[in-house]
Peer 1: 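Encoded as structure tokens, here's the structure I'll be asking about.
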Number of protein chains: 2
Amino acid sequence: MAQSANKKKVLVIGGGFGGVFAAKALERQGRGKLDVELVNANNYFVFQPLLPEVAAASIHSADAVVPLRQLLRRLQVRQAEVMGIDFTKKTVTVVQGARRVPVDLPYDELVIALGTGVDLKRFPGLPEHALTMKDLADAHRLRTHVIGCLEAADVTRDADVKKQLLGFVTVGAGFSGVETVAETRELVSHALKYYPNIHPDEVRFYLIEYADRILPTFPAELAEYATERLEKSGIEVITGIGTKSATGTAVELTDGREIPTSTIVATIGNGPHSLVEALGLDLHWGRIKTDRFMQVPGFDGVWALGDAALIPLVDEPGEDPAHYAPQTAQFAVREGRQLAGNIVARIGGKDPKPFAYTSRGSLASLGMSKAVADVYGIKLSGTLAWLLWRGFYLSFLPGFAAKLRVGVTWLLNSVMPPNIVQIQSAPPSSRYIHYRKGDKVFEPGMLIDGFYTVIKGSYRLTIDNPETGEHFEKAFGPGEHFGERVLVRSALRTGLVVALEDGILLFIAQKDFTRFARAFPVLEEYFKEYIERTFGGADKAFAPGSTDRKSELETLP
Amino acid sequence: MAQSANKKKVLVIGGGFGGVFAAKALERQGRGKLDVELVNANNYFVFQPLLPEVAAASIHSADAVVPLRQLLRRLQVRQAEVMGIDFTKKTVTVVQGARRVPVDLPYDELVIALGTGVDLKRFPGLPEHALTMKDLADAHRLRTHVIGCLEAADVTRDADVKKQLLGFVTVGAGFSGVETVAETRELVSHALKYYPNIHPDEVRFYLIEYADRILPTFPAELAEYATERLEKSGIEVITGIGTKSATGTAVELTDGREIPTSTIVATIGNGPHSLVEALGLDLHWGRIKTDRFMQVPGFDGVWALGDAALIPLVDEPGEDPAHYAPQTAQFAVREGRQLAGNIVARIGGKDPKPFAYTSRGSLASLGMSKAVADVYGIKLSGTLAWLLWRGFYLSFLPGFAAKLRVGVTWLLNSVMPPNIVQIQSAPPSSRYIHYRKGDKVFEPGMLIDGFYTVIKGSYRLTIDNPETGEHFEKAFGPGEHFGERVLVRSALRTGLVVALEDGILLFIAQKDFTRFARAFPVLEEYFKEYIERTFGGADKAFAPGSTDRKSELETLP
């Protein structure tokens, strides 16, 4: 697709609501005059409002997304990651394809539609232990995780572990938080009949909101109705209290309360997209400041829209958020259309128009065929609102194929048992794990799973040999390590490791750690010496099983 | 679910066709007398015949599987991994749940239905570079990979890379191989219209079969028809030639031919399940030898069936494979029912019956609404066979919900565009990569992605500085490493690394490697010294960016 000499090249970066609707409108309004290309990291558009439905297995993963190439058939679509922008040369650097070589794409007009990122750094442990709800993979992960908790809770004999597994915490009670907690609650309710060892009373759902009520953008009476519905379906709604920190087994609230949980969904912490942050543009509240035409002042041919942009709705905007376009899909779609018109006007030598739009209202599903709606000033709640919610999203979903698929799935699922298939994916091979003082890292009898290095805090290892009565104890601090039994012939932990204070460990999964420690001479020598010195003749089980250690490599040709 | 004192405990390990149908029949025939439990690593049954359809996006991943708890509502289902069996104590050791502590499950009667594993060790590089088609995750991975190849081929500027990306090789032409190549060919055909930079002639499909014809279990005339159909749809069928070795960019055949490819699907190499191999039972052709009643001789209360078992169909079986039940779903289902009857008979003091069954025939889909069928001795090919194929599998799929879902999806997809959504999952963080002499590992300008340790072979690094004219060269052998630039402030490779002979590297992804190298003092010191000594002042870009190196950790609280 060579760029025609007399056509202006418009590059849209980001394939969310803003980017896609801008690109569609550019194609329509600028046909023959513009050469439009959209760049996105994934080859599909995510219909974010339906992600909670994916998490609850109400619809298939693939049905909440639409392939960008099908949605934008007449445009060029490029699956690539944006690395940087040179505003002087007017090029965007992307990395793409099999060889991962950066490529510069020139533009005449650039539309930045990168959306936002998630920033949970203010809450210790939350970045490492919370699930987010931004992308399709997040929704899929949450669903798999929830079913996995039910599977594990059905067989555990440890009451504390069962409590953690059956405690589901959602942080943040905007749309996304409310719909996510409601939908997962519904999934679990329907699934419980297949788990004979879990009593419904053992399952607990929590919705934590720092503000003094849920759904802050809704009228108070609808928020009240929503709270009642959620509580009626067994969700504990906690408002006016924030989240303080998290570990793999609990979340701590600002009032000191600790909730045992292995499932934390964070729908808070909207922050700037990492690239937006690095561009050197004028940001306010983490968003790119534009003029009323959505142009970025001082940068030739640069436009921004959607959640990434701060678009004023009035001529002299101040610090009042109401002076700016809100970060909703509804606004992004309107911005996209208007921005396309402005680009076409500008190229044609005409005047662009300032962005103006008034929200048509909001809808939020509460699960169990109930919803709240505030449309054109009319407030609705209950089943009628829920039907409206479904109808609205179905009509809003781009592409006939997606509409039909989602519609049929909804129909089928109204008469079908819940889909409790747990499609497991491999856990990440290295991760940081937060611990609170007194937490167990592992204990005797557990299957060995990996190697630990201390990042922060101190930990005590205790080994008791019930046969000989021997007792071994050792403390570990930052830079020290334990769990190297993964390197020797042994399947189970013999020691107990407890956190002596709040801290962080770096965990590396057995497979990756042993591969590296065997192939890399520096590590091989170090661990050989370390294991002999530390455990020596004291515990024969620690003796390196040298034939075993090479076994994986020996199977290599 | 406490075990009632006067009920016999029957444990079924494995949730494939054999295990599931045995469990279902045990529940039905032994109600009140038996306490049946099924143990499986996944919480779902995989309908393997439909995996190629999943790979081709013809049906949703979740529709080719059925939750075991829904399929076996009156039984206990346990999601756990089997670690070992103590035939003397009559217990099965499983690892399950959140705490990963092994648990012993007692049994009176044990049904081993573990299926087979994949063993590709005879083909250097194939275990590391081939995709398999055993499980749902495999099918999903193949689909994602194929779409990913199209995305990358659409943007690459390197003719060799494009050739690799558009070469799709399937090894083994039994059912699974034939259906997989046919279905993926269909997916690619339909998808190509969305990839403007790929010409249909650039795409190549290969089906490699060591035997002298495809579909060895079918009558010759049907295999001939199938070959014609496949060739007509653009698949190169290569018979009588085996696969020798593979790398990430090519497969080498036994006749010396090299096919450029980044997609190798291996449907060959059926080997014993790793647990079956470790049990100390009498194996033949990697399968558990049973008597005609499916009992394992010499082991009290132990039965085996399905692909894991070698069940004689005659009283004095010899070395002729026809003397034993073939490894097909059809036989496994019959074996399951018969085995259940035998267990019930044995417990009731009655005589078990020898297993006897004659195949009703076979069906194989060829894509593009064509199939071959050999049913009750009647040979069919073309569209009629394909309709029969669909009808047969639909009726065979257990559970009404699954039938309805698959049926509706098939109907919808007949009028829908292909689903080219590429849901990417994170690549594994460490992996072995095979290279042929002359292969490039990386070259200047590529984005750095990870660290390499030499397992086998030798490699040459060359760095040329175009500004100063400086030239740097170094060779690396086993135990040595390169690519440690991931630790310093730098985004792109500056050197070229080429394999000087055939060899293997261990690759560790940037994220995991840098975390470990920063947290683990032994590595941190080693690399600090190594980078200074090796690159020193010669190349300033190599100087450790010490503030940068800590950045990830510094974001930790």
Side-chain angles (χ1 to χ4, degrees), chain A residues 1 43-44 60-62 65 67 69-70 78-79 95-102 121 124 136 151-152 155-156 158 161 165 194 196 401 404-405 408 412 416-417 419-423 425 429-430 432 445-447 449 453 455 479 481 504 506 508 512 515-516 519-522 526 555-557, chain B residues 1 43-44 60-62 65 67 69-70 78-79 95-102 121 124 136 151-152 155-156 158 161 165 194 196 401 404-405 408 412 416-417 419-423 425 429-430 432 445-447 449 453 455 479 481 504 506 508 512 515-516 519-522 526 555-557:
Chain A
M1 278 204 172
N43 80 346
Y44 52 84
H60 290 287
S61 300
V65 301
R69 291 178 187 278
Q70 283 167 9
R78 190 185 290 263
Q79 182 182 27
V95 177
Q96 64 187 18
R99 288 172 70 248
R100 312 278 297 156
V101 176
K121 282 202 291 282
L136 188 62
E151 291 290 343
V155 293
T156 189
D158 183 315
V161 169
L165 289 167
Y194 301 107
L404 186 59
R405 283 198 176 114
V408 167
L412 282 183
M416 289 284 153
N419 188 339
I420 56 165
V421 167
Q422 189 210 7
I423 298 169
S425 52
S429 69
S430 76
Y432 295 107
M446 277 187 173
L447 208 70
D449 53 352
T453 302
I455 302 292
H481 55 84
I504 305 169
L506 174 66
I508 300 169
D512 303 284
R515 280 178 171 178
F516 193 25
F520 197 58
V522 178
Y526 171 79
T555 66
L556 283 171
Chain B
M1 278 206 171
N43 80 348
Y44 52 84
H60 290 287
S61 299
V65 301
R69 293 178 186 277
Q70 283 166 10
R78 190 185 290 264
Q79 182 181 27
V95 177
Q96 63 187 18
R99 288 172 69 248
R100 311 279 296 157
V101 176
K121 282 201 290 283
L136 188 62
E151 291 290 344
V155 291
T156 189
D158 183 316
V161 169
L165 289 167
Y194 300 108
L404 186 58
R405 283 199 178 112
V408 168
L412 282 184
M416 288 286 153
N419 187 340
I420 57 165
V421 167
Q422 189 208 8
I423 298 169
S425 52
S429 70
S430 76
Y432 297 107
M446 279 187 173
L447 209 69
D449 54 352
T453 303
I455 302 291
H481 55 85
I504 305 169
L506 174 66
I508 299 170
D512 303 283
R515 281 178 171 177
F516 193 27
F520 196 58
V522 178
Y526 171 79
T555 66
L556 283 171

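Numbers restart at 1 for each chain; the letters A, B, ... are given by sequence-line order, proteins then strands.
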Peer 1: Pick one of side chain, backbone, both or neither for B:T453, based on which atoms fall under 4.5 Å of a heavy atom in chain A.
Peer 2: side chain
Peer 1: Relative to chain A, which segment of B:Y526 carries a heavy atom at a distance below 4.5 Å: side chain, backbone, both, or neither?
Peer 2: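 The side chain, not the backbone.
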Peer 1: Heavy-atom distances under 4.5 Å only: say whether B:V408 touches chain A with side chain, backbone, both or neither.
Peer 2: side chain
Peer 1: Out of A:M446, A:Q70, A:R100, return the one with the most heavy atom pairs under 4.5 angstrom to chain B.
Peer 2: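 Of the options given, most contacts go to A:Q70.
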Peer 1: For the backbone of B:L506 and the side chain of A:R515, can you confirm whether one donor and one acceptor N or O come within less than 3.5 Å of each other?
Peer 2: no
Peer 1: Heavy-atom pairs under 4.5 Å with chain B are the metric here; pick the option from A:S429, A:S61, A:A62 that has the most.
Peer 2: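 Most pairs with chain B among the choices: A:S429.
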Peer 1: So do A:D512 and B:F516 actually touch side chain to side chain, heavy atoms under 4.5 Å?
Peer 2: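 No; the side chains remain at least 4.5 Å from each other.
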Peer 1: Which value, rounded to the nearest 0.5 Å, describes the distance between A:Q422 atom CD and B:R69 atom CZ?
Peer 2: 10.5 Å
Peer 1: If you look at every heavy atom in B:G445 and A:P102, which pair is closest and at what distance?
Peer 2: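 Heavy-atom minimum between the residues: O-CD, 2.9 Å.
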Peer 1: Sort out for me which of B:T156, B:V95, B:L412 touches chain A most, counting heavy-atom pairs under 4.5 Å.
Peer 2: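 Heavy-atom pairs under 4.5 Å are most numerous for B:L412.
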Peer 1: If you tally heavy-atom pairs under 4.5 Å against chain A, which of B:V522, B:V101, B:V421 wins?
Peer 2: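 Sorted descending by pairs with chain A, the first entry is B:V421.
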Peer 1: Chain B heavy atoms under 4.5 Å from A:V161: which part of the residue, side chain, backbone, both or neither?
Peer 2: side chain
Peer 1: Select one option (side chain, backbone, both, neither) describing which atoms of A:D158 are under 4.5 Å from chain B's heavy atoms.
Peer 2: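 For A:D158, side-chain heavy atoms alone lie under 4.5 Å from chain B.
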Peer 1: So what's closer than 4.5 Å to chain B heavy atoms on A:L165: side chain, backbone, both or neither?
Peer 2: side chain
Peer 1: With chain A as the partner, which of B:N419, B:L136, B:D449 has the greatest number of non-hydrogen pairs under 4.5 Å?
Peer 2: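 That would be B:N419.
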Peer 1: Taking side chain as C-beta onward, heavy atoms only, is A:H481 less than 4.5 Å from B:P521?
Peer 2: no
Peer 1: What distance do B:Q96 atom CD and B:R78 atom CZ have between them, rounded to the nearest 0.5 Å?
Peer 2: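 If I round to the nearest 0.5 Å, the distance is 4.5 Å.
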Peer 1: I'd like to know if the side chain of A:N43 and the backbone of B:I420 have a donor-acceptor N/O pair within less than 3.5 Å.
Peer 2: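 Yes: the side chain of A:N43 pairs with the backbone of B:I420.
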